[in-house]
Chemist: 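Please find one structure pasted underneath; my questions will follow.
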Number of protein chains: 2
Amino acid sequence: MTVSLAEIRRTSGEVFTEGCPTRVVLDHIMSKWGVLVLLALTDGTLRWGELRREVEGISEKMLASTLRQLEADGFVERTSYPEVPPRVEYELTDRGRELMERMLPLVEWVAANAGDVLKADLIAGRG
Amino acid sequence: MTVSLAEIRRTSGEVFTEGCPTRVVLDHIMSKWGVLVLLALTDGTLRWGELRREVEGISEKMLASTLRQLEADGFVERTSYPEVPPRVEYELTDRGRELMERMLPLVEWVAANAGDVLKADLIAGRG
DNA sequence: TGGGTACCTTACCAAGAAGTGGGTACCTTC
DNA sequence: GAAGGTACCCACTTCTTGGTAAGGTACCCA
């Protein structure tokens, strides 16, 4: 198993330096709403309205721009059905599923340990 | 293996909802500089000046505040030696290593695939 | 006396992220 | 004919993030 940045650089070169594409992609998928939208889509295909409800607190503006970004990056596929009323579905692409396979263990750990982490915050006076 | 948000919620409850601690912790570790600092520390203990060089482009202000946050969260330990000139060392705690164990596969995937992702961006007209 | 090193902190300000509120188009139902 | 559902887009404002620059300490060297 990979245990250090040096190890990654041995196979992928000088990644995560200034201006490196890896930093840009990192910013996209690690963004506040990006993670939550991707996470919601691990449950399967969702419509616009379902996503709004699933990702609590997101504004329509941010949902739209986050989806556009994820779509442009090839993580999410948008399918619109020319019906009335309009129906649009969003789902993870193969690339998106590959990504989430790696992100879910991290997210799972956060879900299980967030309480303890914030307790540490309180002790450190950063509540 | 975990494959969906629903699965995580089955064991951890209604996580990642609005105001949930999990969202706060996510914001800390998924922040622009947070990831890069944690990543740098997977190579071992580093001094202030070494971190500045390792995390290319970070300002002293952001390095300081990022380190304070990670320290408060219990991911990073700071050890200062009362010498002249002063020496301060930063390293991952056990919790930090646990976290990075889960983050490294994700980061590794990004390192290997960032090129393709940005190529998709160009085609989509989001260069 | 002046500079150099290492590790920061503070004050100020600009850019970008994100919230708010409105509008659009189309059809259905009341 | 008015209201409502679906999936947005745009303008305006606010708030957060992050950069710059300056200073601060505590010592050593010349």
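Per chain, numbering begins at 1; letters A, B, ... match sequence-line order.
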Chemist: Quantify the bending of the helix from C:dT1-D:dA30 to C:dC30-D:dG1 as the angle between its end axes, each fitted on five pairs, to 10°.
Modeler: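 Comparing the axis at each end, I get an angle of 30°.
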Chemist: Is A:R87 near enough to D:dT6 that one of its side-chain N or O atoms lies under 4.0 angstrom from OP1 or OP2?
Modeler: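 Negative; the distance criterion is not met.
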Chemist: Among D:dC8, C:dC8, C:dC7, which is the nearest nucleotide to the side chain of B:R68?
Modeler: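 Side chain of B:R68 sits closest to C:dC8.
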Chemist: Is there side-chain contact between B:V117 and A:I29, with heavy atoms separated by less than 4.5 Å?
Modeler: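 In short, these two side chains do not touch, never coming nearer than 4.5 Å.
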Chemist: Write down the distance between CG (B:L63) and P (C:dC8), rounded to a whole number of angstrom.
Modeler: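 The distance from CG of B:L63 to P of C:dC8 comes to 8 Å, rounded to the nearest Å.
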Chemist: Taking the side chain as every heavy atom from C-beta outward, state whether A:E7 and B:L104 have any pair of such atoms under 4.5 Å apart.
Modeler: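 No, too far: nothing below the 4.5 Å cut-off.
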Chemist: Whole-Å distance between C:dA17 C1' and B:M30 CE?
Modeler: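 Rounding to the nearest Å, CE of B:M30 and C1' of C:dA17 are 18 Å apart.
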Chemist: Below 4.5 Å, heavy atoms only, C-beta onward: do A:E56 and B:E14 meet side chain to side chain?
Modeler: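 Side chain of A:E56 against side chain of B:E14, heavy atoms only: no contact under 4.5 Å found.
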Chemist: Please test A:Y81 against A:E89 for side chain to side chain contact (heavy atoms under 4.5 Å, CB included), starting from the C-alpha separation and ending with a verdict.
Modeler: CA-CA 8 Å; A:Y81 301 87; A:E89 292 187 343; 3.5 Å; yes
Chemist: Starting at atom CD of A:E56, determine the distance to atom P of C:dG19, rounded to an integer number of angstrom.
Modeler: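 These atoms are roughly 14 Å apart.
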Chemist: Report the C-alpha distance between A:I58 and A:V37 in whole Å, list the side-chain angles of each, state the deciding distance to 0.1 Å, and finish with yes or no for side chain to side chain contact (heavy atoms under 4.5 Å, CB included).
Modeler: CA-CA 9 Å; A:I58 195 170; A:V37 167; 4.3 Å; yes
Chemist: Once you round it to whole Å, what is the distance between C1' of C:dC7 and CZ of B:R47?
Modeler: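 Atom CZ in B:R47 sits about 10 Å away from atom C1' in C:dC7.
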Chemist: Can you tell me how far C1' of C:dG19 sits from CD of B:E18, to the nearest Å?
Modeler: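 So the CD-C1' distance, B:E18 to C:dG19, works out to 12 Å.
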Chemist: What I want to find out is whether B:R23 reaches B:E18 closely enough, with some N-O distance under 4.0 Å, to be called a salt bridge.
Modeler: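 Salt bridge between B:R23 and B:E18, a charged N being under 4.0 Å from a carboxylate O: no.
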Chemist: If you assign B:P86 and A:P85 each to the DNA chain D nucleotide with the nearest heavy atom, which residue ends up on the more 5' nucleotide?
Modeler: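 First, find each residue's nearest nucleotide; the 5'-ward one identifies A:P85.
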Chemist: Could you check how far CG of A:L67 sits from P of D:dC8, rounded to whole Å?
Modeler: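 Value for this atom pair: 8 Å.
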Chemist: Dump the pairs, protein N or O against N or O of nucleotides 16-24 of chain D, anything under 3.5 Å, distances to one decimal.
Modeler:
residue : atom : partner : partner atom : Å
D:dG18  : N7   : B:K61   : NZ           : 3.1
D:dG19  : OP2  : B:S59   : OG           : 3.3
D:dG19  : O6   : B:K61   : NZ           : 2.2

Chemist: Measure from CH2 on B:W48 to C1' on D:dA26 and round the result to the nearest Å.
Modeler: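 Those two atoms, CH2 and C1', are 17 Å apart.
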Chemist: In plain terms, say whether A:R95 and A:E98 are close enough for a salt bridge, that is, a side-chain N and a carboxylate O under 4.0 Å apart.
Modeler: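 Not counted as a salt bridge, because no side-chain N and carboxylate O are separated by less than 4.0 Å.
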Chemist: When we call it a touch if two heavy atoms are under 4.0 Å apart, what does A:R78 touch: a base, just sugar-phosphate, or nothing?
Modeler: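 Answer is sugar-phosphate: A:R78 comes under 4.0 Å of backbone atoms only.
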Chemist: Rounded to the nearest angstrom, tell me the gap between atom CZ in B:R52 and atom P in C:dT5.
Modeler: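 Rounded to the whole Å, the gap is 14 Å.
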Chemist: Quick one: does A:L41's side chain get under 4.5 Å of A:L51's, heavy atoms only?
Modeler: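 Yes; the side chains approach each other to less than 4.5 Å.
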Chemist: Scan A:Y90 against the nucleic acid and name what it touches under 4.0 Å (heavy atoms): base, sugar-phosphate only, or nothing.
Modeler: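 Here A:Y90 touches the backbone only, sparing every base.
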Chemist: Are any non-hydrogen side-chain atoms of A:F16 and A:R9 less than 4.5 angstrom apart?
Modeler: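 Yes - at least one pair of side-chain heavy atoms lies under 4.5 Å apart.
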